[in-house]
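In what follows, chains carry the letters A, B, and so on, assigned in the order in which the sequence lines appear, proteins first and then strands, with residues in each chain numbered from 1. Note that the coordinates shown come from a computational prediction; the quantities given were computed from them, not determined experimentally.
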Amino acid sequence: MRIKVKAFATLREVLGKEREVELKEGALLKELLSPLYLPSEGVEAIIDSQSGEIKPAILILKNGRNIRFLDGLLTKLEDGDELIIFPPSGGG
Amino acid sequence: MIKGGFKGKILRVNLTSGEIRVEDLKEDWAKKFIGGRGYGTKIIYDEVDPTIDPLSEKNKVIIATGPLGGTLAPSSGRTMVITKGPLTGTIACSNAGGHFGPALKHAGFDLVIIEGKAKEPVYLWIYKGITELRPAQDIWGKSTDESDKILREKTHPLAETMEIGPAGEKQSLLANVMFNGHRAAGRTGVGAVLGSKNFKGIAVRGNQEVKVAEPEEFREAVSKTREILSKDAFSGGGAAMLGTAMLVNVLNSIGAFPIKNSQDAYFPEAEKISGETLRERNLIRNEACAECPIGCGRVTVIKEGKYKGAQGGGPEYESVWSLGAMCGISDLDAVLMANYLCDKYGMDTISAGVTVACAMELYEKGYLPQEDAPFPLTFGSGEALVETIKLMGEQKEKLGKLLAQGSYRLAEYYKHPELSMSVKKQEFPAYDPRGVKGIGLQFATSNRGACHVRGYTIAAEVLSGAVDRLKYEGKAELVKTFQDLTAALDSTGICLFTTFGLGGGDIALLLSTATGFQVGEKEFMQIGERIWNLERLFNLKAGFSRKDDTLPPRILKEPIKSGPSKGEIEELDKMLADYYKVRGWDNDGVPGEGKLKELELMVD
Amino acid sequence: MKVLILDPLKCTGCRACEYACSFEHTGTFNPLDSRIEVSNFLEDLSFVPTLCLQCEKAYCAEVCPTSALTKNDQTGVVDFDKEKCIGCKQCIIACPWGSVKLNHNGKEIIKCDNCNGEPACVKVCKAEALTFEEVEDVVLAKQKRTAVLLKEIGKDLVKGVSS
Amino acid sequence: MKYLVIGASAAGLSAAQRIRELDGEGEIMVLSEEKSPPYSKMSLPYLLSGECSQEEYLYLRIPEGVELLLNKKVVALKEGRRAVEVESGEEFSYDRLLIATGARPYIPKVEKKGSPLILTIRNLEDIFRLKERIKNAKEKKVLLAGAGLVNCEIADALWKIGIPSVFIVSSNRILSQILDEEGSSVIESCAKEKGIELLTGENIKKVEEKEGITYAILESGKILKGSCIVLGKGVQPAVDFLKDTGIKIGRGVEVNEYLQTSVEYVYAAGDVTESMDLVYNDMRMHALWPVAIEQGKIAGENMAGGRRLDYPEEIARNILTIFGQNIFTGGISTEDKFEVYKEYFAGEYRKILVRDNRLVGFVFIGAVDNPGVYLFMLKNQIAVNGKINLLLKGAMTYPVIHPSVRNIIF
C-alpha cells in the first residue's frame with residue numbers, strides 16, 4: 001500500500017516536503033517511522049531514541065486526526081492514508 | 001509600599017479640561033489585580049458606567065503596562081488598552097507588542113487614563129516624567145506609520161509612539177490602536193474610542209529605571225524562564241523561523257481552517273499562504289518585541305507584481321487567514337498588501353478580513369445588491385480584497401461606511417445577520433469551532449466577543465495534542481483554566497506566547513520576585529479568575545446575558561463540508577452549562593455570591 | 001583572548017542586551033544605563049547594536065586626565081576605574097563611536113567592561129547577533145575589523161548622514 | 001638627537017611620549033617650572049569639590065625614558081645656540097625644542113588696600129590657598145570676578161562643599177564665551193536655585209581687607225563681603241620668555257600645519273599656540289585639554305622625524321557639569337547664525353547651527369546624548385542631509401552616520 005507523508009516547518013529540512021512510501025498491507029505507524037522508510041535524521045527528530053516514543057509536542061496527523069487519539073504509534077495504516085507531521089508549533 | 005516592578009504612578013489625562021494629574025498606584029489593587037489588563041479593568045469597572053455609549057465622552061481608555069514591563073522578563077513588551085469596546089459593547093482589553101509599554105515605565109508611569117473629550121485633535125507627549133497635551137490637527141488624517149513618523153519628528157526621534165489611524169479618527173468599529181505604526185492592539189474597536197475623544201496618540205520617552213524587589217531571585221527567575229523558552233522547540237526556534245503563520249498548515253491539516261466566511265473549513269490552497277511560503281517569498285528579517293527571545297515578528301516585502309515594493313510588519317497567522325483563506329484568497333501578495341493597508345488605516349486585520357468575507361458572501365448570495373458594490377465582491381479575488389479594504393478604511397461610499405461597522409452590522413443591514421461570523425458582534429479568529437470544540441466554548445464565553453487570545457485552548461487541543469479536539473468532555477475546565485491564566489498573564493506585561501513554554505508557576509515566580517508580592521501558582525490563577533469575573537460583572541451590567549454566550553447558527557448547524565473534519569458541527573450546549581458550573585456561576589451565567597466572596601469581589 | 005562580535009543583520013531589535021547590561025551593572029533596568037545600545041531604524045525595521053570596540057589606541061584613555069581609563073593588555077579591555085574618575089567627561093566627547101556614555105541621569109560615566117569575561121548581553125541574545133568569541137591574535141583581529149569598518153565608513157563619510 | 005620640551009602638562013607629556021615611541025635612542029628632557037610633579041590642570045576644580053578624592057589621581061603619567069626636571073622656569077630662548085636658559089642661569093641645549101608652556105591667567109588692574117586676597121586658579125597651590133583662605137575667613141563666601149569656564153566650575157565646586165559664592169561679571173551673563181543668551185539664562189537660573197548670586201554689568205574697582213574680611217567695592221558703589229576674590233578673566237599664552245626672539249606670536253605662538261614655529265627646530269603645542277578654526281575659518285586659541293594632547297602627539301611625531309603629520313583645523317568644544325546641569329557646546333555656540341534650530345523643553349536646551357548642509361555649532365544643556373558622535377560630525381563636516389530632528393534631539397548615533405555598519409559583522 002502507499003502512504004503519503006507530508007512534513008511542515010522545520011521538519012521539511014529533514015523529511016522533505018512530501019513523499020510517498022510503499023509499505024506492506026496492515027503496517028502500523030511505528031513501522032513507517034523508521035529509517036527503513038524515512039531519512040534517519042527525520043526519524044531522529046520525531047522519535048525519542050531512548051524511550052522509542054514520539055517526542056513531546058510533535059504533532060502527527062493521520063488524515064487530519066491526531067494519532068494520539070487513535071492508537072498512537074500502533075495506529076494502523078491503510079492504503080491512501082495521508083500522514084502529516086509538524087514540529088512543535090504555536091500561534092495566535 | 002511598592003518595592004519593585006511597578007513604578008507606582010498613574011497619569012490621568014482629562015481631555016475636556018486639559019488637566020493632567022499624577023496619582024499613586026493603589027497597592028491593594030495591584031495585589032488583587034496586578035497591573036495591565038487587571039488593574040485597567042478595575043479602573044473601568046469603578047469609573048465607567050457599563051451602560052454608556054462607548055463612543056461618548058463618558059467612556060475612558062486605559063493604556064497600561066504590567067509590573068514585568070521594562071524588565072528583562074522574557075517578552076515583556078506588552079501594552080494593554082482597556083476601555084468599553086464599541087464593536088462589542090463589552091469590556092475591552094486589547095494588547096500589543098513592541099516597546100511602548102517599557103518606554104512608559106521608563107518615563108515613570110504604570111498606566112495612563114484618558115478621559116473626557118478634547119475640542120480639537122491632540123496628542124500627549126510624555127518626556128522623562130514631564131507631560132504635555134499638544135495640538136494634533138496636522139497629524140489628524142494621517143496613516144499610522146506616517147503618524148508615528150510625525151510624532152517622533154515633533155517630539156523625539158527615539159520616542160515610542162501609540163497612534164490611531166484614519167479608521168480610529170472616523171470611529172470605525174474595527175479601529176485599532178497602533179504602536180510605532182506596526183504593532184497593533186487590534187480588537188474590539190478600541191481605536192474608535194480614542195477617535196471619539198479627538199485623541200491621536202502618545203509619544204513617550206523616559207530615562208528612569210525600573211527596579212525589582214528581589215534582584216538576585218529575579219535574575220534567577222529570568223534565566224530560568226528564558227532558558228525554558230529557548231529549549232522549547234516552538235518558542236526557541238520554530239516561531240522565529242516561520243512566525244505565527246506556521247499555523248496555516250497545522251489548522252488546515254486538521255480541517256479547522258475556515259474558508260469563504262466559514263462555509264467550509266479546509267483550504268486546498270493553504271500552502272500558498274503558509275508561513276513556509278511567506279518565509280521563502282517575502283521575509284526580510286525577524287523582528288522581536290521588547291526583551292523577547294521568541295522573536296516571531298516578521299518584516300516582509302512584496303517583491304513582484306502590482307504591489308511590488310510595499311513593505312511592512314507582519315502578517316500574523318490570523319491576518320493571513322482572515323484576509324486570505326476566509327475570503328477564499330490564495331494570492332499572498334494581495335493578502336500582504338491588505339495587511340499593510342489595515343495597519344496604515346489602523347484597522348483590526350481579523351475583523352477587517354472577516355467583514356470582507358461576510359460582504360463577499362452577501363454579494364454572492366445576492367443579498368448585497370450590485371448597485372451597492374462598486375466592483376464585484378467575489379471570493380478568491382485578491383484585487384477585490386485590497387479595494388474593499390480601501391473602501392472600509394476610507395469609509396468611501398455607502399458600502400465603505402457599512403463595512404467600517406464590522407460584519408454584524410453589515411449583515412444586519414442586509415437582513416442576514418446570521419452570515420456574520422461573530423460573537424457579541426466581534427469577528428471570529430482563525431479557528432473553526434466545529435473542528436476544535438473547546439475553542440468554540442471560548443469564543444462564546446469570551447468577555448470581549450469572539451477571541452482566541454482570551455483562552456488559547458488551541459495549544460492543548462491542537463498543538464500539544466494533550467486533549468482530543470473533537471471531544472466535548474473536559475472542555476469547560478480547559479477553557480476556564482486558559483481564560484484565568486491569560487487574564488492574569490495579560491496583567492503582568494508579558495506576552496501570551498511565553499505560555500507555550502512557561503506555566504503559571506513560572507510566571508508567578510517572575511511576578512513575585514519583581515514586585516515582592518508573594519504570589520504562588522494558585523494565587524496567580526485566582527487573580528486571573530478574579531479579573532475574569534470582574535469583566536463578566538461589567539458585561540452583565542452592560543446588559544449581556546446567557547443568550548449572548550453563543551455562536552453563529554452556521555457553526556452550530558451546518559456541518560463542515562470537506563477535509564479532515566468533514567461532517568462536524570459544534571454542539572455548544574454540551575459544554576456551556578458545564579462551563580457556568582465550573583465557574584461557580586448560575587444557569588444564567590451570573591457569578592454567585594459565594595464565588596464573588598471567594599474572589600473578594602463582593603465590596604464592589 | 002575573547003572579543004565581542006556584532007552581527008547587525010541578525011539583530012531583531014528586542015533590546016534584551018541593553019536590559020541585561022543595565023541590570024548587570026546597576027541592579028536595575030534602564031536602557032540608558034546600558035553600555036550596549038541598539039539603534040533602531042523604523043523606516044525599514046532594521047536594528048544595529050553598537051558597543052565599545054575596546055580600541056587598541058583608545059581616544060578615551062588618551063584624554064583621561066586621571067588615568068581612570070586604561071588599556072588592559074591582558075584582557076584587551078579598556079578598563080574604567082570609577083574611583084579615579086572625576087567626572088570631567090572628556091572621554092565621552094573623545095570617543096567618535098559614542099561608546100563611552102553618560103548614564104541615565106547624566107552624572108556618571110559608563111563603559112563596556114566585557115562583564116569581566118562573561119558578557120551579560122551575549123547571554124540574552126537569542127538571535128546570536130552578539131557573540132563572545134575566542135580569537136588568536138586580538139590585535140590582528142581588531143585591526144582587521146577596524147579596517148573593514150573604516151573602509152565602509154570611509155564611503156559613508158563622503159555621502160553624509162543616511163537619509 | 002636631543003629633544004627638549006618646555007612645559008610638563010598635556011601637550012608636553014604627550015609629545016614626549018610620542019617621541020619616545022618613535023625614537024628609542026634620543027635623549028628626551030622635559031622642563032617644568034612647577035615644584036610639584038605634573039598634574040592635570042583641568043581637574044583642579046574637582047579637587048576642590050572632592051570629586052577627585054585623592055591628589056595623586058591628578059598626577060600625570062611620565063612616559064618611561066623621559067627625564068623630567070622640576071622647578072625649571074625657562075626665562076629665555078637662545079635660538080642661535082639652540083638652547084634655553086632657566087631662572088637659575090642654567091642652560092639646556094636641544095636639537096629639537098617644543099614650547100608647551102601653556103597659558104597664564106589674565107590679571108586686570110585693580111586697586112588694592114591692605115592685604116586683600118585675590119586668587120587665580122591655574123596651579124595646584126591655588127586650590128590649597130583657596131581652601132585655606134575659606135577655612136580661616138570670617139565671611140564664608142567667595143567673590144568670583146568673571147563667570148567664565150573656570151569660575152563657573154569653581155562656583156560649582158564651592159556649592160558642592162557648601163560654600164556660597166557671588167559672580168561679579170562685566171558682561172550681562174555667565175559663560176558668555178561658550179553660551180548664547182538662552183543657554184546662559186538656563187544656567188543662571190540653575191545657579192540661582194543653588195543659592196549662587198549673579199551681579200551683571202559690574203566690575204570690581206577696589207579691594208580691601210578689614211579684620212579678616214575681604215571687601216570688594218564695585219564700580220556701581222556696591223560693596224560685597226567675602227573670604228577672598230577669585231579672578232577668572234581668561235588666560236593668556238605664556239610667552240614672556242620668547243620676547244625678542246624670532247618666534248612669531250599672534251594671539252599665541254604661530255605655527256604651521258606641522259606645528260613648527262617660525263624658528264627652525266622649534267615646535268609649539270597646546271594652550272600656548274594659536275590654530276586654525278574649522279568653522280570660523282580664522283586663527284584662534286583653542287586652549288583645550290584634548291587639543292593639547294592631540295597637538296602634543298603630532299608635534300612629537302614631527303620632531304622625531306616621523307611621517308610629517310599636518311595638524312587638522314581645530315574646533316572649539318566644551319563639556320562640563322555645573323549646578324546640576326550638563327553643558328556641551330561645540331563650534332559656533334554663542335550666537336545664532338546660518339540655519340538655527342533650537343528647542344527648550346523639560347529643562348533641556350538644545351540648539352544646532354547648520355551651514356551648507358553641515359553642522360557648524362551646537363549647544364546642549366541638560367541632556368547630553370552621544371556627544372562624541374556630534375563632535376565627530378562637526379570635525380569631519382559630515383553632510384546632515386535633512387536629519388535635523390535627529391541631530392537636534394541628540395539622537396545621532398554612529399550607525400546613522402555610517403549606514404554601512406548595518407550590514408557588516410564587526
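With rounding to the nearest 0.5 angstrom, the CG atom of C:Leu9 is 12.0 Å from the CD1 atom of B:Ile284. Remark: C:Glu43 CD to B:Asp148 CG distance equals 10.0 Å, nearest 0.5 Å. In this structure, the separation between NZ on C:Lys123 and CG on B:Leu72 is 11.0 Å, given to the nearest 0.5 Å. The CG atom of C:Leu45 lies 11.5 Å from the CG atom of B:Asn286; values are rounded to the nearest 0.5 Å.
C:Lys126 contributes no side-chain N or O that, together with a main-chain N or O of B:Ile294, makes up a donor-acceptor pair within less than 3.5 Å. Without hydrogens or angle criteria, C:Asn30 side chain to B:Asn207 main chain gives a donor-acceptor distance under 3.5 Å. The main-chain N or O of C:Phe47 is never found under 3.5 Å from a side-chain atom of B:Arg285 such that the two would form a donor-acceptor pair.
The ring-ring contact (aromatic ring centres under 6.0 Å, His included) test applied to B:Phe6 returns no partner, not counting sequence neighbours.
Contacts with chain B were tallied for C:Pro31, C:Gly27, C:Ser22; C:Pro31 has the most, counting heavy-atom pairs under 4.5 Å.
In this structure the side chain of B:Val212 reaches within 4.5 angstrom of the side chain of C:Phe23, judged on heavy atoms.
In this structure, the portions of C:Ser46 lying under 4.5 Å from any heavy atom of chain B include both its backbone and its side chain. Both the backbone and the side chain of B:Val210 come within less than 4.5 Å of a heavy atom of chain C. For chain B, the nearby part of C:Leu32 is the side chain; its heavy atoms alone come within less than 4.5 Å.
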